[in-house]
Amino acid sequence: MKISVNGRKRSYTGPAFKRLIDVLREDFGLTGTKEGCGEGECGACTVLLDGRPVASCLIPVEHAEGRKIETVESLAPGKALNPLQKSFLEEAASQCGICTPGVLLTAWSWVRAGGSADRQAIRRHLSGNLCRCTGYQSIVDAVVKTIKRRIR
Amino acid sequence: MKVLRPRSADEALRLFSENPLALPFSGGTDLMVAWNMGSLNGKPVLDLSAIREWIGIRKMPGGLAVGALTTHAELRDHPEIRRNFPLLAAACAAVGSVQIQNRGTLGGNIANASPAGDTFPALAVYEARVRTISRHGRRNIPFLHMFAGVKKTALNQTELIEAVELPFLHAKPARQVFRKVGTRAAQAISKTVAAGLVWLEKGGAIKEFRFALGSMAPTVRRLAAAEAFLKGRTPSSSAIETAAGLLTKDVHPIDDFRSTAEYRLEVSRNILRSFLGT
Ligand SMILES: Cc1cc2nc3c(=O)[nH]c(=O)nc-3n(C[C@H](O)[C@H](O)[C@H](O)COP(=O)(O)OP(=O)(O)OC[C@H]3O[C@@H](n4cnc5c(N)ncnc54)[C@H](O)[C@@H]3O)c2cc1C
Ligand code: FES
Ligand code: FES
């Protein structure tokens, strides 16, 4: 089957029910996607499927056939960081980092779709991404900062 | 593992009759958890996700038909659902998280038949019907008859859910409520989940009252006794108190690791009180 991953066409020939997270990490070498719980609860494994955040631990790879996947590696294809990543650095919105790829992608889907800087709405959108380190304040700060910068 | 992936409803029915033990699979938000734990091993899977006809929301005479594969996210955002069935849109927005809403389907939510299914109270007060399909034909099941017990539906071995039919309300309700009470806003299984609609007479008496609760019995319940009692009455505080007292005619919550029966009852009564009170 063919899958578009980070803008590149990839082919995959293994079992249809391998989890998308495992295909990304093992077959495609994209180890930016992390596994937390493996049960859809924590959001660490979030990737974008046709632009929308989904838990890649709950997706059989055949559901990605012919569709567009974006992983955290897509945010900074060259050397330059994505504006959201820059804000994360400035606001210290990442500590241990295990949640960060998933948080970045869920937040990026919000920023890219033109989501508002309303903190409550951002928190609601991010509520499926658990972070045990930051207490979320700095994450929300970083998202708001990115949106405000883009508006100006 | 054998995986069948029909591209049409006809093909799905054919494959299902050839593989009667196959497990239907839609968004996988329930089943992948089981799969990851190794408890699906060996079972053939009938992956319905590529059946285009079952995705999306269509007009039908007197209402809307929601394809079984429609996701919670689509329902949450759909203008016709938000306008005509706002309690369902609110329920879908309360399922899991954005990630779960983007994948979980309405058909899967119903077929899973959890006592805590968050869309059920809304579907119960809207008097939805579940359209099933099998090689023997179709059935149209009133929503409250869909469930036989915890994790048990009225589906027989050969049936799949094709769509959920939502009849338009005869008139705009005077008030409506959806409330989910869980430990936190996201990813929490409901301790109680409620949906209510009320229509009033010109003089303020209750013309019609519909109220349903989830997580309060093995299956979703309409409060038949309280609904009948309030019909024709003015919602005075004593009438509301009597109605709240009638809750236990229709629901009987349990103590479990998530909450206690007493808490669930009191919170549910409070939702009813604040819905009807001024
Ligand atoms: C982290 C997490 C949080 C969750 N939070 C909530 C929540 O807050 N509220 C809530 O209500 N649910 C919640 N769920 C449960 C689940 O997401 C929903 O029930 C969802 O709607 C299931 O749909 P699905 O398409 O993913 O089902 P699947 O996993 O594909 O299937 C579920 C069941 O339905 C059967 N089935 C699927 N489609 C059909 C069909 N068309 N015909 C017949 N049988 C069918 C399957 O055989 C299976 O038994 C959560 C799940 C997770 C993992
Ligand atoms: S690893 Fe997928 S949601 Fe936790
Ligand atoms: S930075 Fe450690 S879990 Fe979020």
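To find a chain, count down the sequence lines: A is the first, B the second, and so on, and within it residues start at 1. Any value given below was found using the heavy atoms of this structure, including those in side chains, with hydrogens, waters and symmetry copies removed.
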Q: Against chain B, label A:Leu126 side chain, backbone, both or neither, depending on which of its atoms sit under 4.5 Å from a heavy atom there.
A: neither

Q: Quick one: which residue pairs count as a salt bridge (Lys or Arg N to Asp or Glu O under 4.0 Å) with a foot in residues 65-74 of chain B, not counting sequence neighbours?
A: none

Q: Using side chain to side chain contact (heavy atoms under 4.5 Å, CB included) as the criterion, point out the one residue from B:Asn102, B:Ile100, B:Val98, B:Thr29 that pairs with A:Val54.
A: B:Asn102

Q | B:Asn36 side chain vs A:Cys57 backbone, donor-acceptor pair below 3.5 Å | A | yes

Q: Drop me the distance from A:Arg52's CZ to B:Gln99's CD, to the nearest 0.5 angstrom.
A: 12.0 Å

Q. Can you list the residues that meet the ring pair (Phe, Tyr, Trp, His ring centres under 6.0 Å) rule with B:Phe143, with sequence neighbours excluded?
A. B:Phe120, B:Phe147

Q) Hey, is CD on A:Gln120 packed in by over 12 heavy atoms from elsewhere, all under 6.0 Å? A) no

Q. More than 12 foreign heavy atoms under 6.0 Å from CZ of A:Arg132: is that the case here?
A. no

**Q.** Contacts of residues 94-111 of chain A with chain B (heavy atom under 4.5 Å)
**A.** A:Thr106

Q. Is there side-chain contact between A:Pro60 and B:Phe25, with heavy atoms separated by less than 4.5 Å?
A. yes

Q. Taking atom CZ of B:Arg14 as the centre, does the number of heavy atoms from other residues, nucleotides or ligands within less than 6.0 Å exceed 12?
A. yes

Q.
Take a 6.0 Å sphere around CZ of B:Arg58 and say whether it holds more than 12 heavy atoms from other residues, nucleotides or ligands.
A. yes

**Q.** Heavy-atom pair with the smallest gap, counting every atom of B:Ser97 and A:Gly128
**A.** CB-CA, 3.4 Å

Q | Atom pair CZ/CD1 of B:Arg103 and A:Ile59 - distance to nearest 0.5 Å | A | 4.0 Å

Q.
Just verifying a value: how many Å separate A:Phe17 CZ and B:Arg5 CZ, rounded to the nearest 0.5 Å?
A. 8.5 Å

Q) Is chain B contacted by the side chain of A:Pro15, its backbone, both, or neither, given a heavy-atom distance below 4.5 Å? A) neither

Q) Would the number of heavy atoms belonging to other residues, nucleotides or ligands and lying under 6.0 Å from CZ of B:Arg179 be above 12? A) no

(Q) So for B:Val3, is it side chain, backbone, both, or neither that comes closer than 4.5 Å to the heavy atoms of chain A? (A) side chain

Q) Taking non-hydrogen atoms and a cut-off under 4.5 angstrom, which of residues 62-87 of chain A neighbour chain B? A) A:Glu62, A:His63, A:Glu65, A:Arg67

